[in-house]
Amino acid sequence: MTGLSRDLIDALFPADLAEPAELEQRYPPRDLPAGAEVTRFAPSPTGSLHIGGVFTATVALDVARHSGGVYLVRIEDTDQARFDETSAAQFRAAFSYFGITPDESDEAYGGSPGRYGPYTQSARASLYLTYVRDLMRRGRAYPCFATKDELAEIAARQKATGALPGYYGDWAIWRDAPEDQVRERLAAGDAYVVRFRSPGLSGQRVSFTDEIRGEISFDDNRNDVVILKSSDLPRRLPTYHLAHAVDDHLMRISVVIRGEEWLSSVPLHRQLFAALEFGPIRYAHVAPLMKQDGGSRRKLSKRHDPEASVGYYIEQGFPVEAVQYYLRGLANGRLADLPLREALAQPLRLDEFGVAGPLADMVKLDDICADFIATLPGEQVIERLLPWADERDRDLAAVVRRERDVALRALTVERGDDVANPRKDLRKWADFRAVYGFFFPEMFTLVTDPADERFGGLEPELVRAMATGFAAGYVDPGPGVAWFDQVRALSAELGFAPSQKVYKKDPAAFPGSIADASAIVRVLITGTRRSPDLAAVSAALGRDEVLRRVGGIS
RNA sequence: GGUCCCGUCGUCUAGUGGCCUAGGACGUCGCCCUCUCAAGGCGGUAACGCCGGUUCGAAUCCGGUCGGGACUACCA
């Protein structure tokens, strides 16, 4: 393990690279009170954000904020082939929608650039090179010229002989290659990667503490993993492993909160930290959100599940607080039993996390959302609805703005401070049009055909008689007025059964029951057979509008 | 295949040797209320994966087994 000579190594790198010691000074430990945590969320820019990302980011942000620390966003774009340039805008929109704006990040992501930037890995390329060179100079990393074919062949032989897969031991053909062989390939212009010289011995165990899972032990890493990608790529970028070590150290992250899929890489990461002479870092591995798939479950996937993308929540207009409340409940079960406002204010605790991946339950989310919106005063419903509608339903936004008073009155129907059991008919802003649209004259189509199927197949003459009679004797709803009595009386006059019970006893004796009779009025006033309380709707609509609607048929 | 993680009602969970004939929430079913919905009230349904052991006593501790998941890339 005599390394390569210094001049050979240095010739591989730009001459103006900083030394590790300089970087230590440029990015000094943060001046924060004891106990303050520095956390980060590090997504790859491959399109829209995954809801699991919002989950992890929420946790990271919460841990930082509640400890008086810093939460930052770093973009992991070392895989230039998968880079999607729409990501920045989508991420930023998602952060802002879910209220998880970073303290520090590149400007495009909503945070303010701090002194630990840049916060995008491709812009940090020379930083990684400093450490790769340093590792090589100290014999802890080496160039590897193995081609894809050679690697495939090694893997095949390992499989055939039952050997453990990987690039290690005798299989690591470039690990101790003589210097002249390296020079020869270099001179020939062959492409190479840089591999970490793993100090791990086969069979050696290592253990560490995960902030969520507690004590965990693994076989130590023995693979000489690639830390710097191929020299024939347009840009010399590191793999995730090296980037993680360099960035999280230089950004002075105190606890790495990331997906569970990284758990088994921790032994490697610890070797890297040690080789790089970085201080220790803590880890918390969060289980992924799952989706029921037939008899088993799998990770919620952007490809297959619309609810995996944050775009879905934004488009549908799920209220942020409700989504946050749901997510926090999944993180710490204790919070799911608290009222929403309290649960949102309570700190998330890493050691209270469930270790198994929870199933994302959209039905439960709906319930939480409906509950939440039901507690909102009308003014606030409108205030939250409008920004959503401006983006997703401009016609609706225009109508609600123009007729704000109508919207406000509509939102007093069976809801509001004085109502014990408010209606829970809105789960997300996209529901508004369907549920409340009929209140707005401009969005309401008059029902003019007495044979309309919404009347349920009643004789057109009967429908017309009900309409005319209702209009003729119309009494406004008000205090002390039993508004529905006028419907009841008219219904009896026209021969309808006074109740479902009576009607069912002898269906032939009546054209229908009071339910069918009131449906006529309901359809005329609201356009549908299912609506909130008619008296309350009529009060919100006002006498003129009610009569205009009922008059559509006579 | 190997390594690791995980395993309580359909779902999220409470539960850390006796308070457990296993509690709550969502769902679901039934009833009540009722002019239709949305709600609301009341009630029901339903789980400790399995097998051994330790113990006076186990959902809780141990071993095994089965099942699920992650990783095993020059993707992150």
Side-chain angles (χ1 to χ4, degrees), chain A residues 42-46 76-79 81-82 121 144 146 148 151 155 159 162-166 191-195 210 212-213 216-219 221 223 225-233 237-241 243-244 258-267 285 287-288 290 292 295-299 326 329-330 332-334 336-337 354-368 370-371 374 413-415 419-426 435 456 484 487-488 491 496 498-500 513-523 526 528-535:
Chain A
S44 292
T46 56
E76 312 227 314
D77 62 343
T78 56
D79 186 0
R82 292 204 308 164
Q121 289 180 332
C144 168
K148 286 246 193 309
L151 259 15
K159 196 170 180 187
L164 265 13
Y192 67 94
V193 298
V194 176
R195 287 183 183 272
D210 182 276
I212 290 176
R213 288 149 199 277
I216 295 178
S217 61
F218 274 99
D219 282 342
N221 171 64
N223 277 314
V225 298
V226 174
I227 56 174
L228 191 67
K229 299 184 183 193
S230 179
S231 57
D232 65 359
L233 257 23
L237 290 170
T239 58
Y240 172 85
H241 303 105
H244 150 57
R258 68 200 337 184
E260 186 195 48
E261 66 270 22
W262 295 111
L263 190 58
S264 53
S265 301
V266 172
H285 291 92
M290 309 294 281
Q292 188 74 245
S296 68
R297 36 176 75 183
R298 40 157 247 261
K299 257 166 122 168
Y326 175 62
L330 287 183
N332 282 187
R334 170 181 55 97
D337 291 328
V355 281
L359 227 42
D361 186 345
M362 289 298 123
V363 176
K364 178 124 187 178
L365 212 215
D366 275 349
D367 177 75
I368 291 173
D371 256 337
V413 172
E414 297 182 279
R415 63 194 312 293
V419 178
N421 305 311
R423 290 187 74 78
K424 296 184 179 172
D425 48 10
L426 246 29
V435 181
F484 196 75
V487 177
R488 211 183 293 277
S491 160
F496 287 94
S499 74
Q500 279 290 2
S513 78
I514 175 81
D516 301 302
S518 63
I520 298 173
V521 177
R522 188 180 311 281
V523 167
T526 69
T528 153
R529 292 179 71 91
R530 308 162 133 221
S531 83
D533 180 71
L534 275 183

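Below, read A as the first sequence line, B as the second, and so on, with proteins coming before strands; counting in each chain starts at 1. Computed from heavy atoms alone, side chains included, the values below leave out hydrogens, waters and symmetry copies.
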Sticking with atom P, work out how far B:U55 lies from B:A73, rounded to a whole angstrom.
-> 47 Å
Proximity to the side chain of A:Glu261 - top-ranked nucleotide from B:A76, B:C35, B:A38 = B:A76
Comparing A:Arg529 with A:Ser264, nearest RNA chain B nucleotide closer to 5' gives the residue A:Arg529
Using atom P of each nucleotide, how far apart are B:A58 and B:G52 to the nearest Å?
-> 13 Å
Is any NZ, NE, NH1 or NH2 atom of the basic residue among A:Asp79 and A:Arg82 found under 4.0 Å from an Asp or Glu carboxylate oxygen of the other?
-> yes
Answer yes or no: side-chain N or O of A:Arg522 and base N or O of B:C35 forming a donor-acceptor pair under 3.5 Å.
-> yes
Can you check whether A:Pro238 reaches A:Lys229 side chain to side chain, under 4.5 Å on heavy atoms?
-> no
Indicate, with a heavy-atom threshold strictly under 4.0 Å, whether A:Pro288 touches base, sugar-phosphate, or nothing.
-> nothing
State which of B:C4, B:C71, B:A39 makes the closest approach to the side chain of A:Lys299.
-> B:C71
Residue A:Leu330, side-chain atoms from C-beta onward, closest of B:C26, B:C74, B:C12 = B:C12
Whole-Å P distance, B:C12 and B:C75 | 34 Å
Minimum-distance nucleotide (side-chain atoms of A:Asp367 versus B:C4, B:U11, B:G27) | B:G27
Looking at every strand, decide which applies to A:Arg213 at a 4.0 Å heavy-atom threshold: base, sugar-phosphate, or nothing.
-> sugar-phosphate
Nearest-Å distance, CZ (A:Arg334) to C1' (B:A25)?
-> 16 Å
NA contact type, A:Asp516, heavy-atom cut-off 4.0 Å: base, sugar-phosphate, or nothing?
-> nothing
Return yes if the base of B:C4 and the side-chain atoms of A:Asp219 contain a donor-acceptor N/O pair under 3.5 Å, otherwise no.
-> no
Just checking A:Ser531: base, sugar-phosphate only, or nothing, at a heavy-atom cut-off of under 4.0 Å?
-> base
Quick one: is B:G68 close enough that its OP1 or OP2 comes under 4.0 Å of any side-chain N or O from A:Arg298?
-> no
Phosphate oxygens OP1/OP2 of B:G2: is one of them under 4.0 Å from a side-chain N or O of A:Lys159?
-> no
Note, A:Thr239 side chain near A:Thr78 side chain (heavy atom, < 4.5 Å) | no
Nearest-angstrom distance, P atom, B:U11 to B:C19 | 26 Å
Exercise: do A:Arg213 and A:His285 side chains pair donor with acceptor under 3.5 Å | no
Looking for any heavy atom pair under 4.0 Å, which part of the strands does A:Thr46 touch: base, sugar-phosphate only, or nothing?
-> nothing
Given B:U11, B:A76, B:C35, the nucleotide with the shortest approach to the side chain of A:Trp262 = B:A76
Ignoring the backbone of A:Glu260, work out which of B:G69, B:G27, B:C71 is nearest its side chain.
-> B:G69
Protein-nucleotide distance (A:Asp371, atom CG; B:G40, atom C1'), rounded to Å | 12 Å
Measure the acute angle between the ring planes of A:Trp262 and A:Tyr240, then classify it against the limits of 30° and 60° as parallel, tilted or perpendicular.
-> parallel
Between B:A76 and A:Thr78, is there an OP1 or OP2 to side-chain N/O distance shorter than 4.0 Å?
-> yes
At under 4.0 Å between heavy atoms, what does A:Phe218 touch on the DNA or RNA strands: base, sugar-phosphate, or nothing?
-> sugar-phosphate
Inter-nucleotide C1' distance (B:G43, B:C5), Å rounded | 41 Å
Go through B:G69, B:C75, B:C12 for me and flag the one nearest to the A:Lys229 side chain.
-> B:C75
Is any side-chain N or O of A:Arg423 under 3.5 Å from a base N or O of B:C37, one able to act as donor and the other as acceptor?
-> yes
Rounded to the Å, how far apart are A:Asp361 CG and B:G27 P?
-> 9 Å
Across the strands shown, which category fits A:Ala519 at heavy-atom distances under 4.0 angstrom: base, sugar-phosphate, nothing?
-> nothing
Could you list the residues that satisfy ring-ring contact (aromatic ring centres under 6.0 Å, His included) with A:Tyr192, not counting sequence neighbours?
-> A:Phe145
Counting side-chain heavy atoms from C-beta on, which of B:A38, B:C35, B:G27 comes nearest to A:Glu414?
-> B:A38
Counting only Watson-Crick or G-U wobble pairs whose two distances fall under 3.5 Å, which nucleotide matches B:G18?
-> B:C56
Across all strands shown, which nucleotide pairs with B:C75 by Watson-Crick or G-U wobble geometry, both distances under 3.5 Å?
-> none
Looking across every strand, which nucleic acid part, if any, lies under 4.0 Å from A:Val193 by heavy atom: base, sugar-phosphate, or nothing?
-> base
Against the side chain of A:Lys424, the closest entry in B:C26, B:C74, B:A39 is B:A39
Distance, rounded to the nearest Å, where A:Met290 contributes CE and B:G7 contributes P | 14 Å
Pair partner, B:U3 [Watson-Crick or wobble, under 3.5 Å] | B:A70
So, is A:Arg297 near the phosphate of B:C6, with a side-chain N or O under 4.0 Å from OP1 or OP2?
-> no
Is there a stack between A:Phe484 and B:C35, judged by ring centres under 5.5 Å and planes under 30°?
-> yes
With A:Pro45 via side chain to side chain contact (heavy atoms under 4.5 Å, CB included) - residues at least two apart | A:Ile75, A:Asp77, A:Phe83, A:Ser87
In whole Å, what separates the P atom of B:A70 from that of B:U60?
-> 27 Å
Should A:Ser513 and A:Phe496 count as side-chain neighbours, where that means a heavy-atom distance under 4.5 Å?
-> no
Between atom CG in A:Leu365 and atom C1' in B:C26, what is the gap in whole Å?
-> 11 Å
Distance test, side-chain N/O of A:Lys364 to OP1/OP2 of B:G24, below 4.0 Å | no
Would you say A:Glu261 and A:Pro288 make side-chain contact, with heavy atoms under 4.5 Å?
-> no
Counting only Watson-Crick or G-U wobble pairs whose two distances fall under 3.5 Å, which nucleotide matches B:A39?
-> none
Which value, in whole Å, describes the distance between the C1' atoms of nucleotides B:G15 and B:U72?
-> 36 Å
Expressed in whole Å, how much space separates the C1' atoms belonging to B:C26 and B:G68?
-> 23 Å
